[in-house]
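Quick note on labels: first sequence line is chain A, next is B, and so on, each numbered from 1.
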There are 2 protein chains.
Amino acid sequence: MPKKNAFYAQSGGVTAVINASACGVIETARKHKDKIGKVYAGRNGIIGALTEDLIDTTKESAKAISSLRHTPSGAFGSCRYKLKSLDANKREYERLIEIFKAHNIGYFFYNGGGDSADTCYKISQLSEKMGYPVQAIHVPKTVDNDLPITDCCPGFGSVAKYVAVSTLEASFDVASMCKTSTKVFVLEVMGRHAGWIAAAGGLVEEQGIPVVILFPEIEFNQKKFLAKVKAMVKKHGYCSVVVSEGCHYPDGKFLAEQGTRDAFGHAQLGGAAPVVANMIKEAFGYKFHWAVADYLQRAARHIASKTDVDQAYALGKSAVELAIKGHNAVMPTIDRTSDKPFRWKVGVAPLSKVANVEKFMPRKFITADGFGITPKCRAYLSPLIKGEDSPPFKDGLPQYVTLKNVAVPKKLKNFKI
Amino acid sequence: MPKKNAFYAQSGGVTAVINASACGVIETARKHKDKIGKVYAGRNGIIGALTEDLIDTTKESAKAISSLRHTPSGAFGSCRYKLKSLDANKREYERLIEIFKAHNIGYFFYNGGGDSADTCYKISQLSEKMGYPVQAIHVPKTVDNDLPITDCCPGFGSVAKYVAVSTLEASFDVASMCKTSTKVFVLEVMGRHAGWIAAAGGLVEEQGIPVVILFPEIEFNQKKFLAKVKAMVKKHGYCSVVVSEGCHYPDGKFLAEQGTRDAFGHAQLGGAAPVVANMIKEAFGYKFHWAVADYLQRAARHIASKTDVDQAYALGKSAVELAIKGHNAVMPTIDRTSDKPFRWKVGVAPLSKVANVEKFMPRKFITADGFGITPKCRAYLSPLIKGEDSPPFKDGLPQYVTLKNVAVPKKLKNFKI
């Protein structure tokens with residue numbers, strides 16, 4: 001029996017380092033040509049598998065693949081598409097098996113977050129349930145840092161670094177202006193359910209900067225929040241607020257959903273940041289500025305954490321090594337063995353324990369008043385933003401790679417998704 | 001007669017490199033101790049002069065002053081405060097003379113934008129009009145890049161680099177997601193009157209990225225804009241929009257002023273970005289993301305342009321050299337002598353020709369359709385973002401300096417501003 005090919009796909013929101021994992025997968029597979037044939041990437045994630053839109057990564061030079069390590073975004077395209085259960089949509093699984101057979105695919109590497117881990121887990125059961133032998137390995141990726149078991153998720157460390165650096169820089173700015181102008185700066189960051197990203201803003205407190213954090217894990221209390229801001233401004237002359245997009249009232253209503261309407265009656269357009277900023281202005285008259293980082297935070301490869309890049313690569317590499325060792329239905333993990341000095345190794349977790357489990361900020365990571373991070377949290381976060389890993393620059397801009405993405409000739413009929 | 005001391009102050013919105021100019025002023029003054037006594041900095045700009053709140057920069061170590069070169073924000077505090085004319089508020093000018101006399105100040109270095117150039121020009125006339133000998137030199141600074149005569153303004157190159165890098169990175173992100181999710185990314189940038197900052201987004205077009213720019217210089221035409229976005233998305237699958245905060249309708253109404261009201265009837269909270277994004281969504285149903293960079297763009301010293309840092313320092317240095325040569329009422333300028341290779345030298349302009357003049361984007365820098373930049377504009381902008389000048393990092397964060405800012409003992413009575 002000829003050696004099997006591998007399928008690799010990127011799923012969900014992309015990050016600054018998901019391509020570093022792709023780099024780890026492809027470079028490691030290339031080193032084991034005796035065991036693994038070609039690596040086919042799905043164009044736009046699992047959709048590429050379903051529609052037989054496969055990319056032949058062997059057409060890319062070693063240099064191009066190596067450049068993935070410093071290129072943000074998903075080089076093969078990503079998608080938001082969750083496979084239903086085998087019972088609910090058998091047709092899709094049958095199609096995947098058809099594709100795998102047609103292209104001799106025996107390894108399935110899926111690079112994504114919680115939903116993708118679930119998809120990967122379903123694929124891993126194909127051997128048993130539908131008699132097609134495929135080894136499915138999940139490569140963790142999510143800026144939300146909400147996957148269980150692993151110490152952290154590739155993508156998170158770089159967002160955390162972006163948020164910490166941005167909070168630091170904007171705070172220096174506000175401190176300069178606060179005498180006659182801006183007294184409060186509000187930065188809105190990602191994190192619909194978990195406050196890991198917002199927590200990173202707290203890392204600048206060690207530099208004496210007053211920061212108030214609004215976590216999704218803590219129900220928003222306007223009175224307490226305003227009192228906190230007032231105390232900070234009274235003491236320091238200014239303060240910075242880092243608000244998670246998922247911050248909400250006790251009834252579950254997001255801060256961003258203030259019932260704002262435009263002139264045409266359309267629902268509000270803004271985020272949580274302008275709502276929070278305006279609330280402060282109404283209460284105290286402080287001049288404010290606000291920013292919404294949005295995609296900038298997760299795409300900011302120029303200020304990526306070296307720790308994060310190294311871990312992203314290592315997990316891609318490990319996924320291939322696990323496959324070669326015969327594993328199925330697993331995810332390589334980051335196992336932290338020491339905070340100071342920071343040490344970690346790669347472990348492995350069964351996908352059955354990863355799929356559909358969300359990891360929130362533990363309460364002990366949040367200060368008693370709910371507006372800051374504790375030393376425990378700092379000890380956890382600090383190593384994750386350590387180290388810089390600047391991409392190459394030319395003419396003032398980072399040199400990111402765009403692959404050729406040559407299609408594998410189709411062998412099957414069209415499939416409608 | 002003993003040698004005179006110098007006064008230095010920072011004014012208006014701070015930048016990633018205004019402290020590099022401060023560094024140039026102070027280091028150069030320290031090298032000419034035979035000519036210039038102490039450098040006193042105004043705490044919070046000109047307010048520090050009026051209230052006799054002076055900072056003794058001689059209390060700072062050479063290392064601390066040298067660290068200003070890589071520290072964003074205004075190390076001595078800035079302010080938004082414009083002196084009225086001599087006729088309208090003679091009291092303030094008399095106070096300044098009192099302060100200058102009390103502290104033996106003969107040199108006035110003012111580091112700011114258009115309004116500050118005006119203030120500096122008024123001070124420069126004190127010798128003639130009020131019989132107190134002081135040499136006033138303006139050190140240009142503004143992210144808006146709208147001062148005349150000088151090729152560019154320190155602070156602008158770094159914002160331009162931030163905007164270009166951010167547009168590049170977010171565009172890579174959207175390109176990955178566009179198949180099933182986000183098709184349009186909107187980034188709002190500064191620039192109330194001039195579109196220089198927004199123009200920088202156009203620098204990424206050379207990498208094949210579809211960008212639509214909305215300038216304040218071009219009246220907003222919704223129909224044309226939507227057609228442009230549609231064509232871009234049709235061709236590329238996605239597009240990025242860079243919108244200047246100053247973008248407005250033919251009647252002068254800003255895009256950001258959409259008459260949006262929150263539940264309490266308060267005026268809208270958002271910026272131009274959500275308005276533009278929603279407009280596209282309404283027209284075509286494209287999923288969108290938007291970001292507002294706000295202070296992050298002007299504080300982002302971590303991704304500063306080396307050209308910008310070098311120029312900021314050079315102009316601070318030159319200001320002192322011009323003072324020593326006996327100049328008054330002038331501003332050192334950047335004179336570009338060649339685009340490729342980029343060459344520049346420091347020139348000098350009379351403040352009478354700088355104060356109250358705004359430099360807008362020339363029409364020939366904007367494409368015929370009004371949504372992009374021309375090769376002429378690219379040739380102008382490209383060199384300004386060139387080179388990286390990373391600050392030192394420790395534990396994952398840039399190491400910015402906070403000065404001791406020791407107060408000079410007061411000699412005069414209080415003064416109410």
Side-chain angles (χ1 to χ4, degrees), chain A residues 14 44 47 72-74 77-81 161 164-166 168-170 172-177 179-181 185 203-204 258-263 266 269-270 274-275 277-278 289-296 298-303 305 382 385-388 390 393 395-398 400, chain B residues 14 44 47 72-74 77-81 161 164-166 168-170 172-177 179-181 185 203-204 258-263 266 268-270 274-275 278 289-296 298-303 305 382 385-388 390 393 395-398 400:
Chain A
V14 294
N44 303 309
I47 288 178
S73 82
S78 185
C79 72
R80 297 205 176 272
Y81 190 87
K161 189 180 184 95
V165 171
S166 297
L168 176 67
E169 292 179 330
F172 263 69
D173 193 307
V174 183
S176 316
M177 304 304 296
K179 176 77 180 176
T180 57
S181 181
F185 174 76
L203 287 172
V204 308
Q258 286 288 287
T260 313
R261 303 269 157 188
D262 68 11
H266 302 137
L269 312 168
V275 171
N278 206 57
H289 265 256
W290 56 267
V292 176
D294 195 66
Y295 275 4
L296 304 187
R298 74 181 201 193
R301 181 62 183 80
H302 75 272
I303 187 69
S305 149
S382 284
I385 70 164
K386 262 194 192 164
E388 292 66 56
S390 192
F393 278 75
D395 294 338
L397 289 174
Y400 297 138
Chain B
V14 295
N44 303 308
I47 289 178
S73 83
S78 186
C79 72
R80 295 205 177 275
Y81 191 88
K161 189 180 184 94
V165 171
S166 297
L168 176 68
E169 293 179 330
F172 263 69
D173 193 308
V174 182
S176 315
M177 304 303 296
K179 175 76 180 175
T180 58
S181 183
F185 175 75
L203 288 171
V204 308
Q258 284 290 288
T260 313
R261 303 269 156 190
D262 69 11
H266 303 136
Q268 68 90 32
L269 311 168
V275 170
N278 206 58
H289 265 256
W290 57 266
V292 177
D294 195 67
Y295 275 5
L296 304 187
R298 74 182 202 192
R301 182 59 182 81
H302 75 272
I303 188 68
S305 148
S382 285
I385 71 165
K386 262 195 192 164
E388 292 67 56
S390 192
F393 277 75
D395 294 338
L397 289 174
Y400 297 139

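The candidate from B/L203, B/I303, B/V204 with the greatest count of non-hydrogen atom pairs under 4.5 Å with chain A is B/I303. Among the candidates A/H302, A/K161, A/K179, A/R80, the residue making the largest number of heavy-atom pairs closer than 4.5 Å to chain B is A/H302. With chain B as partner, the option from A/A164, A/G74, A/P72 having the largest number of non-hydrogen pairs under 4.5 angstrom is A/G74. Interface check for chain B: of the options A/L168, A/D294, A/V174, the most heavy-atom pairs under 4.5 Å are formed by A/D294.
Contact annotation for A/T180: only side-chain heavy atoms (C-beta onward) come within less than 4.5 Å of a heavy atom of chain B. Within the 4.5 angstrom heavy-atom criterion, atoms from both the backbone and the side chain of A/Y400 approach chain B. Contacts of B/F172 with chain A are made by both backbone and side-chain atoms, with heavy-atom separations under 4.5 Å. Both the backbone and the side chain of B/S78 come within less than 4.5 Å of a heavy atom of chain A. Both the backbone and the side chain of B/S73 come within contact range of chain A, each with at least one heavy atom under 4.5 Å from a heavy atom of that chain. With a threshold of 4.5 angstrom between heavy atoms, B/D173 approaches chain A through its backbone and through its side chain. At a 4.5 Å heavy-atom cutoff, the contact between A/D395 and chain B is made by backbone and side-chain atoms alike.
Side-chain contact between B/Y81 and B/N44: absent, with no pair of heavy atoms (C-beta onward) separated by less than 4.5 Å. In this structure the side chain of B/E169 never reaches within 4.5 angstrom of the side chain of A/L296, judged on heavy atoms. Taking the side chain as every heavy atom from C-beta outward, B/I385 and A/F393 never approach each other to under 4.5 Å.
Atoms OH and OG, on B/Y295 and A/S176 in that order, are 9.0 Å from each other to the nearest 0.5 Å.
Here the closest heavy-atom approach between residue A/E388 and residue B/G396 is recorded as OE2-CA, 3.7 Å. The two atoms that bring B/A293 and A/A291 nearest to each other are O-CB, 3.7 Å, heavy atoms only.
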